[in-house]
Each structure stands twice: as structure tokens, then as C-alpha cells.
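In each ligand, atom 1 is the first atom listed, and ligand 1 is the first ligand listed. In what follows, every heavy atom counts, from backbone to side chain, and hydrogens, waters and symmetry copies are set aside.
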Amino acid sequence: MDMGFKRVLIANRGEIALRILRTLRDMGIEAAIIHGREDRLSLPVRLADVAYPIMRANPLDSYLDIEAVVQAAKDLECDAVHPGYGFLAENAHFVKRLEEEGITFIGPASGVITLLGDKIEARAAMEAAGLPTAKGSSEPISSAEVASELADEIGYPVIIKAAAGGGGIGMQIVHAADEFEGALKLCQGRAKSAFGDDRVFVEKYIEGAQHVEFQVLADGEKAIHFGERFCSIQRRHQKLIEEGPWLSDEKRAEVGALVCAGAESVGYKGLATFEFLRDKNGDFYFLEVNPRVQVEHTVTELITGYNLVELGIRVAQGESLPLTQDDIKIRGHAIQCRLNAEDTTNFVPSPGRLWECHFPSGFGIRCDTHAHPGYEMPGCFDSLLAKLLTWGPDRESAVRRMRTALDETLITGVDHLIPLHRRIMDEKDFLAGDITIAYIDEHQELLG
Ligand code: ADP
């Protein structure tokens, strides 16, 4: 039986659209793509087999108008839609609409997205599957009295987070009981305006934490993991540098077994990332599941040798997992620097035309980008211009290769983060691996 997709709609833009397109080509699947006005001349649109314009006054709407995207998939007779990351990738209503139309969503079922999109529910589900979570409330909290009783129990500091949260929006750290009144109101207000849902919850604030996440692939029944990525170098709770591996083989096997059990317990299908905080003692606390391909999946591809986007498409086609856990071996070390078009002093986006642009290549180097000389970097979308990765037999050689690669990269026309990345590659705490999520705050001298 031929159950393979004939044509897939890419409902995204930029580097991830190109990343997905390349894999569709490899697999002999036709690539269709939607696009707004700003992207009509972009590489993924020019390279796609079919391009479908959705012009909107607000450029974001070209990629967020659910009915327009569903209509595009129907008009273009696509078997499936690949959402990439961002935009509609975690929108349960969009997934439901595709399900109704008999079009495959490359990702988990709408019910699973709904469950995982609610941090309170996701925490409860993963706790039930045996994952360690930070102590906290199992229900939404709206009264300062209840919150401070709970905080007395679990100990200060605590953090208030939105149940529907994302992008670090609204989070409030609380050190004493009298701060709850104001902090709750603030978090609820932010949550309401950003997510249309003002439910918030309280959990233990993990001090000196590192961000460690596990890559998972599942077929609806069984799950395997591809090890971890270390992503503690962040600004505004968004990642700048990702690398792996980071843990001992024993710890990887231990947490890996837990995340697979967690994915299987919800009938997960597709690629997923299980995010954790790891405290000073090395203890893990589950944060959330990202039910989609992530920006940094590339790090895992370099150290395992598997094309994750291809595997995600294959399970969406209805194949069972084509690999077992024993097939996954980690080799060497990989680092990714996000080359955002931003000012290195304050991370303000820097849109504009690229007059000149040369990306490095060579042994152990990978650069995923939709940029080219003459490319007009729009101001209305994410500022990610390129993802630069290096591989080496160990961390030290991957870092050395990253310095070479950064020095070779030429971008003129916009500000970009290359100078910051270059300084980090020489910084002693970075080199020692002495890194927490406060790294950028604690190394302000690197900015500028
Ligand atoms: P979001 O979905 O909004 O990105 P996450 O739960 O994934 O929220 O957390 C994002 C970041 O916020 C973490 O990487 C960490 O920096 C911080 N954070 C979240 N929860 C805690 C916690 N309990 N203790 C310390 N920091 C936290």
C-alpha cells in the first residue's frame, strides 16, 4: 500500500520553510507553500513547486488566518500540512479544522495539543507518567491568601506562570507573601491580554537553573528519544546558543526513559521536545512539552546523524517508528549560534536589505538560512536570519570550529549577533561550561 504523501503544504516562512522544503524534495514529495507579500520573492517561495499567496494588511495574518490556510491546502490538493514552528504550529483549532477536512497535520492530534498547551494539565499528565516536576499548585490560583499558604509550604522564592503561557510572558518571581497581591494581578493581566486566558499557577522557583531539553519522536504508540540539548544561553527567555550533548550517558538514559514514558502516556505522534530545568544538584524539573519541530533540532541531527524533519513526516504518513532506541548513538559535539538580525547591545531587531552576505561552509559546518545577497529582512517577523552550526569530535573542537565559522561569515546591511557570539566563544565561563539561564544577565560586558 502506498500511503506516502504526494504534496505537502508548508504553512511557514524563512529558514524553517526552506528546511522542510529540502526534506520534501529528498523524499520525492511535492512542496507547496503559502506566503504573504513580504515573502513573495523569498527562497522557499521561489523553490517550491507551487506557491499560494495570502496577502493581508497585517503581514502576520498571512500565516495566521486559519481558514485561509485550510483553503490553500484544499485548493492545492495537499495531503498534509507542515506547520514548522511558531504561527499555527501549536494551534489546536487549526489542527481540528484540518482533521475535519481529512488533511493530515504533521504533528500530534488536536486533543494532545490542547492538553500540552495548558501548563497545569501538562504538568499533571507528566507527573502521572512519573516525570519530576517542581513543587507547585495543581490548580489555577487567583487569591493571594491561597498562594501564600502554598508558598509557605514549598518555600520561597516561587514563580507565578500563565497556564496558557508561552514566550516567558507574564512570569513573576515572588520572594515574600506581601508581593503576591500585585504579582498575581500582573501575571493574570498579562496572561489575559496575551493568551485570552487569565488562569495562573504557582511553582517553586529553581535558582541557578540550567535549561536542558530532550528530543523525542513518537508514532502514537511508541516513543524514542535522541538525547538532550543544552540551551541556557538565552535573552528574554529565548535561546541564543544551543549545544549537545550535555549529560552523562547514565543520566541521559534515565531522563530519556521518563520522557518516552511521558510521550507514550498521551499517545503522542510526531516530534516533541520535553523541556526541563536542572538545578545545582543536577535534579530535573519538567517545564513543558513543545509539540513541534524546534529551531534547535539541527543540533541533534548533527550528533545523531538522523534527519528529524524526515522522521516526523514519516510517522505523520502513518509509518511506525523506523528506529529503535538502540539505533540512536551520540557522536561528538555540536553547537548552534542563532544569527539574529539584532543590535548586540539591546537585542532590538534590525530589519533591512542585505547588501552582502556570505555564509561559511566546510567540514563540520552547517548553516540553515533563507538569506542571500539582496534579501530584504522584514521587520514584522522573527529576527532569525541564519542558524550556524559546527560539529567536532568534542566540545573544544566544536567551539574552535565555531570561531572559524563566525570569522568567515560576512553580513552587511543589518546589525547581527555575530560579534556577541564571537565574544561568547572566548568567554571563560562558557568555555568551562559554567552556564545557567542567567548567563547573559551576568555577562553584560559581552553586549555592545
Ligand atoms: P514559556 O512557555 O513561557 O517559554 P517555560 O515554562 O518554558 O515558559 O519557561 C521559560 C523560562 O522561564 C525557563 O527557561 C526559565 O528561564 C524560566 N522559568 C520557568 N519556570 C521556572 C521555575 N520554576 N524556576 C526558574 N525559572 C523558571
Name each donor-acceptor pair under 3.5 Å that joins a side chain in residues 138-146 to protein atoms two or more places apart or in another chain, with its distance.
{"from": "S143", "atom 1": "OG", "to": "E145", "atom 2": "N", "distance (Å)": "3.3"}
{"from": "S143", "atom 1": "OG", "to": "V146", "atom 2": "N", "distance (Å)": "3.0"}

- Message: Polar contacts were defined as any N/O atom of the residue lying under 3.5 Å from an N/O atom of the ligand; does this apply to K204 and ligand 1?
- Response: yes

- Message: Please report whether ligand 1 has a polar contact with G167, defined as an N or O pair separated by less than 3.5 Å (distance criterion only).
- Response: yes

Looking only at protein heavy atoms, which one is nearest to [atom], and how far off is it?
atom                    : answer
atom 10 (C) of ligand 1 : M171 CE, 3.7 Å
atom 11 (C) of ligand 1 : H237 ND1, 3.7 Å
atom 2 (O) of ligand 1  : K119 NZ, 2.6 Å
atom 13 (C) of ligand 1 : L287 CD1, 3.9 Å
atom 6 (O) of ligand 1  : K161 NZ, 3.0 Å

- Task: Look at the aromatic rings of F180 and Y156 and report parallel, tilted or perpendicular, splitting at 30° and 60°.
- Result: tilted

- Evaluate the ring planes of F276 and F286, with Trp represented by its six-membered ring, and classify them as parallel (under 30°), tilted (30 to 60°) or perpendicular (over 60°). perpendicular

- E319: partners by side chain to side chain donor-acceptor pair (under 3.5 Å), with sequence neighbours left out: R314, Q317

- Task: Evaluate whether atom CZ of R331 has more than 12 neighbouring non-hydrogen atoms of other residues, nucleotides or ligands under 6.0 angstrom away.
- Result: no

- Query: Ion pair present between K251 and E254, side-chain N to carboxylate O less than 4.0 angstrom?
  - Reply: yes

- Item | Cation over ring face, R395 and F430, 6.0 Å, 45° | yes

Counting from 1, what ligand 1 atoms have a heavy atom of [X] closer than 4.0 Å?
X    : answer
I437 : 15 (C), 16 (O)
E275 : 7 (O)
I159 : 21 (C), 22 (C), 23 (N), 27 (C)
H211 : 14 (O)
L277 : 21 (C), 22 (C), 24 (N), 25 (C), 26 (N), 27 (C)
G166 : 1 (P), 2 (O), 3 (O)
G168 : 1 (P), 3 (O), 4 (O)
E288 : 1 (P), 2 (O), 4 (O), 5 (P), 7 (O)

- Does a side chain donor of either S137 or E203 reach within less than 3.5 Å of an acceptor in the other side chain? no

- Query: Are E445 and H443 linked by a side-chain donor-acceptor pair shorter than 3.5 Å?
  - Reply: no

- Minimum non-hydrogen distance to atom 25 (C) of ligand 1, winning option of Y205, F276, F195: Y205

- Only one of Q215, K239, Q336 forms a side-chain hydrogen bond (donor to acceptor under 3.5 Å, both in side chains) with E296, so which one is it? K239

- Message: If I take atom OG1 from residue T404 and atom CD1 from residue I365, how far apart are they, to the nearest 0.5 angstrom?
- Response: 7.0 Å

- Task: Using a 4.0 Å heavy-atom threshold (strictly under), name the region of I206 that reaches ligand 1: side chain, backbone, both or neither.
- Result: both

- Message: Below 4.0 Å from ligand 1: does a non-hydrogen atom of Q234 turn up there or not?
- Response: yes

